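Structure below; questions to follow.
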Amino acid sequence: YDACYFGNDESRVTQELVTKCLNVCQPRLCCFDSYKLESSCRATVGEDECELFDLCEQMITDDGGVVKTFIELDLNEFEEDDDSVHESSKQLIEKEVYDACYFGNDESRVTQELVTKCLNVCQPRLCCFDSYKLESSCRATVGEDECELFDLCEQMITDDGGVVKTFIELDLNEFEEDDDSVHESSKQLIEKEVYDACYFG
């Protein structure tokens, strides 16, 4: 319940909620007829057990798959009659991307935590960018408007079209000097991150 509940509060639909809810729900999605990725387990698990997971049905998409992003869940639960993403949903997406990924010109904000959060939010829409080479573009199917909400995510794509996985890669991508050397503040950031992560006294 705690992992999946957001009531009518659209602002509570975040990538973190989706991740936590999926972790709790995954073993019992088979309780729902709408779930098409495996056969029903309702008869073997039992009605009482399945009823405990009623809230998990929100994690099943219209085509019987599994919701993987907060955007899918938001559209599933708060979709308007005209099938368009409404203004508050757009604002939520922009806020989620901004909160997870923005560091401006402040190199000290580029941390592994930022990289992890940003990737969690951006992963489903990295296909919006021509520079992303790991899958074909989805800009035509997703649409310009939705892709633009994820503009900040392009910083998570490496020069060779892959995905930034560490704060060091992101730092070098965004703050690299002309002579291709890691500058002093970058070295200090790396030392601080290693120290904070590994020092135990």
Side-chain angles (χ1 to χ4, degrees), residues 10-22 59 61-63 65-80 82-183 185-186 189-190 193:
E10 190 173 6
S11 69
R12 293 187 60 198
V13 179
T14 63
Q15 192 60 43
E16 182 180 6
L17 178 132
V18 169
T19 302
K20 286 180 179 177
C21 189
L22 273 179
M59 301 307 293
T61 60
D62 291 339
D63 63 356
V66 178
V67 167
K68 291 184 177 68
T69 69
F70 74 99
I71 298 160
E72 288 177 293
L73 182 57
D74 186 85
L75 292 175
N76 239 10
E77 299 297 316
F78 296 100
E79 190 171 3
E80 289 186 338
D82 65 356
D83 290 338
S84 68
V85 180
H86 45 78
E87 208 48 48
S88 65
S89 182
K90 286 181 180 180
Q91 290 169 349
L92 279 173
I93 293 167
E94 283 179 322
K95 181 179 180 350
E96 186 93 9
V97 171
Y98 182 87
D99 289 349
C101 302
Y102 183 76
F103 55 83
N105 292 324
D106 185 357
E107 192 173 4
S108 69
R109 293 187 62 198
V110 178
T111 63
Q112 192 59 44
E113 181 182 6
L114 178 133
V115 169
T116 302
K117 285 180 178 178
C118 190
L119 276 177
N120 282 339
V121 171
C122 292
Q123 193 67 49
R125 292 297 176 257
L126 288 176
C127 58
C128 283
F129 305 103
D130 293 335
S131 55
Y132 186 58
K133 305 297 184 212
L134 300 181
E135 61 183 279
S136 56
S137 176
C138 62
R139 193 170 275 274
T141 54
V142 171
E144 287 292 323
D145 289 343
E146 184 164 333
C147 281
E148 283 177 17
L149 298 174
F150 290 86
D151 275 349
L152 202 52
C153 296
E154 192 165 18
Q155 70 194 12
M156 302 307 293
I157 300 173
T158 60
D159 291 340
D160 64 355
V163 178
V164 167
K165 291 186 176 58
T166 69
F167 75 99
I168 298 167
E169 285 178 291
L170 182 57
D171 186 85
L172 292 174
N173 236 13
E174 298 297 316
F175 296 100
E176 189 173 10
E177 290 188 337
D178 294 335
D179 64 359
D180 290 333
S181 66
V182 179
H183 44 76
S185 63
S186 181
L189 277 174
I190 294 167
E193 187 88 10

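When a residue number appears, it is its place in the shown sequence, counting from 1. This structure is a prediction, so every number in the text was calculated from the model and none was measured.
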Those residues that, when tested against Asp159, pass side-chain contact (heavy atoms from CB on, under 4.5 Å) (two or more places apart):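 If we apply the side-chain contact (heavy atoms from CB on, under 4.5 Å) test to Asp159, skipping adjacent residues, the hits are Asn173.
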Exceeds 12 heavy-atom contacts within 6.0 angstrom, atom CG of Asn105: no
For Asp106 versus Phe175, what's the shortest heavy-atom pair and its separation?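 Closest approach of Asp106 to Phe175: C-CZ, 4.2 Å.
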Derivation of the side chain to side chain contact (heavy atoms under 4.5 Å, CB included) call for Leu114 and Phe167: CA-CA 8 Å; Leu114 178 133; Phe167 75 99; over 6 Å; no
Flag side-chain contact, heavy atom, 4.5 Å: Lys133 against Asp160: no
State, to 0.1 Å, how close Val18 and Leu73 come at their nearest heavy-atom pair, and which atoms those are.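 Reported closest heavy-atom pair: CG2-CD2, 3.9 Å.
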Qualifying ring-ring contact (aromatic ring centres under 6.0 Å, His included) pairs with a residue from residues 122-157, counting only residues at least two apart or across chains: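 The answer is none; no pair qualifies.
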Side chains of Ile157 and Leu126 in contact at under 4.5 Å (non-hydrogen atoms):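 Counting from C-beta outward, Ile157 and Leu126 do come under 4.5 Å.
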Any non-hydrogen side-chain atom of Lys68 less than 4.5 Å from a side-chain atom of Pro124? no
Might you point out which heavy atoms bring Val97 and Leu149 nearest each other, and give the distance in Å? CG2-O, 4.0 Å
Can Cys128 and Cys147 be said to form a disulfide (SG to SG under 2.5 Å), step by step? CA-CA 6 Å; Cys128 283; Cys147 281; 2.0 Å; yes
Can you list everything that forms a side-chain contact (heavy atoms from CB on, under 4.5 Å) with Cys21? Sequence neighbours excluded, please.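 Per chain and number, Cys21 pairs via side-chain contact (heavy atoms from CB on, under 4.5 Å) with Cys4, Cys25, Gln58, Met59.
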Less than 3.5 Å apart, any donor N or O on the side chain of Thr158 or Glu169 sitting next to an acceptor on the other?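 Short answer, no.
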Salt bridge (Lys or Arg N to Asp or Glu O under 4.0 Å) involving Glu16 - partner list, sequence neighbours excluded: Lys20
Show every side-chain hydrogen bond (donor to acceptor under 3.5 Å, both in side chains) that has at least one partner inside residues 120-130, sequence neighbours left out.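 Qualifying pairs: Arg125-Glu146.
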With sequence neighbours excluded, tell me which residues meet side-chain contact (heavy atoms from CB on, under 4.5 Å) with Glu148.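 Counting only residues at least two positions away or on another chain, Glu148 forms a side-chain contact (heavy atoms from CB on, under 4.5 Å) with Glu144, Asp151.
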